[in-house]
Amino acid sequence: MAAAQRIVIENCSIATVDADDTEYANGHLVIAGNRIESLGAGRAPEGLQGVVRRIDADGHLVTPGLVNTHHHFYQWITRGLATDHNLFDWLVALYPTWARIDEPMVYAAAQGSLGMMARGGVTTAMDHHYVFPKGSGDLSGAIIRAARETGVRFTLARGSMDRSEKDGGLPPDFAVETLEGALAATESTVAEHHDASFDAMTQIAVAPCSPFSVSTELLREGAQLARRLGVRLHTHGSETVEEEKFCHELFGMGPTDYFESAGWLGDDVWMAHCVHMNDSDIAAFARTRTGVAHCPSSNARLAAGIARVPDLLAAGVPVGLGVDGTASNESGELHTELRNALLVNRLGAHRETALTARQALRLGTYGGAQVLGRAREIGSLEPGKLADLVLWKLDTLAHASIADPVAALVLGAAAPVTASFVNGRQVVEDGRLLHVDEDAIARSTRAQARRLADLAQQA
């Protein structure tokens, strides 16, 4: 790092989210190239070479960038629909519309989803895209292009469905793939886009959608494909009581046992939601180090229930936070999930001891990095890790009288992002995206939402 250009951030509170939860009431952090070079109490060391910028971050809290572990970007253009439905009825209402998406729609929706998250402190995004209507274009390529333009680190979970209405599933027949087609397309996406390097900006996971829409063969062969290619696995699991009933009726066992029978428990797997889990399920996840993407707002919006996050954490299960699709979480922001995770879980059995503000921050940072398999590179502020970090402004009317900056961030109003860095490159300044035009994206998403609505109505 001796010849690297350096950015020095000083005079700020720092929550490192390292193994010891180290914090500095007034500290500094030095970025060298795309890495964190040093951090600590007080001012930065004198005599640093190659300093191209100094940031006086008085009134700010610096944290690791937020890591989103579950999302469906395409839903950005179907927000505000079926607002009083449970999951099953919501899917029935929206699948006929989703089945008519195409590449321009998906690209615009990805821009909107990514932009909203980045403005709110997300530095690593993830999209579980599983709807590939015939003739819809290069949807995976469009999503990845949008992420690169926004400047965030990104994991595309290349989803798939092969159980349509004629097979007892929910999606229309023309919106699913064949078993062979899904596996081939997934392998091609990994070959074209996956980067396994330490500082990778784009990674791919294998991600059949859910037991409702995927055959056992696709689950089993998808797991085998992922392990042959050395990438991670993702799906929805134990989201609703209806899913549990479905698995018992069709497979003679609950969701966790079913997933294990198909090779879908392991330290290379993470599942979204995991709301309805018994002690045995949690023990199986802990034993296999299977990860969980906790989506509190979506779980509440669809009346799915309260996930047992305190019990998952106590058992040693890796847990991160997810926005989920914006047709079930219209805000599309992850920093609100810090607060909602804490509040919703305090309504459960553990009440006020369920989660602390610092545990909530860990879920949204290091926990997410664990779930995505990137805890060596991101998720905490430590020398040698990638420079993905956020400066939260906490000296305004909304937060200035809250003494504890971490409590201010988690429990207070949504804090403004003064600056956000990904891989050492700034992507947000004073709450605005630096590399894409927010206003143009807003117009584009509005136009594509109207076009999709018109197509669905004509059909």
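Positions are given from 1, in the same order as the sequence printed here. When reading the values below, keep in mind they use all heavy atoms of this one structure, side chains included, and skip hydrogens, waters and symmetry mates.
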(message) Could you work out, with salt bridge (charged side-chain N to carboxylate O under 4.0 Å, His left out) as the rule, every residue matching Arg308, not counting sequence neighbours?
(response) Asp279, Asp311

(message) So Cys274 and Phe285, do their side chains get closer than 4.5 Å, heavy atoms only?
(response) yes

(message) side-chain hydrogen bond (donor to acceptor under 3.5 Å, both in side chains), that's the test. Do His350 and Asn345 meet it? Break it down for me.
(response) CA-CA 8 Å; His350 294 273; Asn345 280 282; over 6 Å; no

(request) For residues Leu265 and Val269, determine if any side-chain heavy atom of one lies less than 4.5 Å from a side-chain heavy atom of the other. (result) no

(message) Quick one: does any side-chain atom of His128 pair with a main-chain N or O of Ala207 as donor and acceptor, under 3.5 Å?
(response) yes

(request) Using the salt bridge (charged side-chain N to carboxylate O under 4.0 Å, His left out) rule, collect all pairs that involve residues 416-435, keeping only residues at least two apart or in two chains. (result) Arg432-Glu438, Arg432-Asp439

(request) For the pair Asp395 and Lys393, evaluate salt bridge (Lys or Arg N to Asp or Glu O under 4.0 Å) and give the outcome as yes or no after the intermediate values. (result) CA-CA 6 Å; Asp395 60 357; Lys393 187 171 177 60; 2.9 Å; yes

(message) For the backbone of Leu219 and the side chain of Trp264, can you confirm whether one donor and one acceptor N or O come within less than 3.5 Å of each other?
(response) yes

(message) So Leu372 and Trp270, do their side chains get closer than 4.5 Å, heavy atoms only?
(response) yes

(request) Before accepting this row, confirm whether a basic side-chain N of the pair Arg153/Asp388 lies closer than 4.0 Å to the acidic partner's carboxylate O. (result) yes

(message) Any side-chain to backbone donor/acceptor pair from Gln203 onto Met201? Under 3.5 Å, distance only.
(response) no

(message) For the residue pair Glu337 / Ser297, report whether a side-chain donor-acceptor contact shorter than 3.5 Å exists.
(response) yes

(request) Kindly determine whether His193 and Ser140 satisfy side-chain hydrogen bond (donor to acceptor under 3.5 Å, both in side chains), including the steps that lead there. (result) CA-CA 9 Å; His193 297 291; Ser140 294; over 6 Å; no

(message) I need the full list of salt bridge (charged side-chain N to carboxylate O under 4.0 Å, His left out) pairs touching residues 184-201, with sequence neighbours left out, sorted by first then second residue.
(response) Glu187-Arg228

(message) Has Trp392 got a side-chain atom pairing as donor or acceptor with Leu409's backbone, closer than 3.5 angstrom?
(response) no

(request) Before giving the answer on side chain to side chain contact (heavy atoms under 4.5 Å, CB included), spell out for Phe259 and Thr235 the whole-Å C-alpha distance, their side-chain angles and the decisive distance to 0.1 Å. (result) CA-CA 10 Å; Phe259 281 123; Thr235 192; 3.8 Å; yes

(message) Taking the side chain as everything from C-beta on, heavy atoms only, tell me whether Val106 gets closer than 4.5 Å to Ile143.
(response) yes

(request) Check His72, Arg79, Glu333 against Thr326 for a side chain to side chain contact (heavy atoms under 4.5 Å, CB included) and give me the one that passes. (result) Arg79

(message) Do Arg358 and Leu361 make a side-chain contact, defined as non-hydrogen atoms from C-beta onward lying under 4.5 Å apart?
(response) no

(message) Please determine whether side-chain hydrogen bond (donor to acceptor under 3.5 Å, both in side chains) holds for the pair Tyr107 and Glu103, giving the CA-CA distance in whole Å, both sets of side-chain angles, and the decisive distance to 0.1 Å.
(response) CA-CA 6 Å; Tyr107 175 66; Glu103 186 174 338; over 6 Å; no

(message) Are more than 12 heavy atoms, taken from residues, nucleotides or ligands other than Arg43, located less than 6.0 Å from that residue's CZ atom?
(response) no

(message) Looking at Arg451 and Asp102, is any side-chain nitrogen of the basic one under 4.0 Å from a carboxylate oxygen of the acidic one?
(response) yes

(request) Would you check if the side chain of Ser238 reaches a backbone N or O of Val275 as a donor-acceptor pair within less than 3.5 Å? (result) no

(request) State, yes or no, whether a side-chain contact exists between Asn34 and Leu386 at a heavy-atom distance under 4.5 Å. (result) yes

(message) Tell me if a side-chain donor or acceptor on Thr83 pairs with a main-chain N or O of Gly80 at a distance below 3.5 Å.
(response) no

(message) Within the 4.5 Å heavy-atom criterion, are Pro64 and Leu381 side-chain neighbours or not?
(response) yes

(message) Closer than 3.5 angstrom, by distance alone: can the side chain of His435 be matched with the main-chain N or O of Thr150 as a donor-acceptor pair?
(response) no

(request) Answer yes or no: is there a donor N or O on one side and an acceptor on the other, between the side chain of His70 and the main chain of Met126, under 3.5 Å? (result) no

(request) Would you confirm whether Thr16, through its side chain, and Asp18, through its main-chain N or O, come within 3.5 Å as a donor-acceptor pair? (result) yes

(message) Could you check whether Asn11 and Asn26, counting side-chain N and O atoms only, form a donor-acceptor pair closer than 3.5 Å?
(response) yes

(message) How about CZ on Arg145, more than 12 heavy atoms from neighbouring residues, nucleotides or ligands closer than 6.0 Å, or not?
(response) yes

(message) Please check: side-chain N/O of Asp324 versus main-chain N/O of Cys295, any donor-acceptor pairing under 3.5 Å?
(response) no

(request) Determine whether Leu389 and Ile9 make a side-chain contact, defined as any pair of heavy atoms from C-beta on separated by less than 4.5 Å. (result) yes

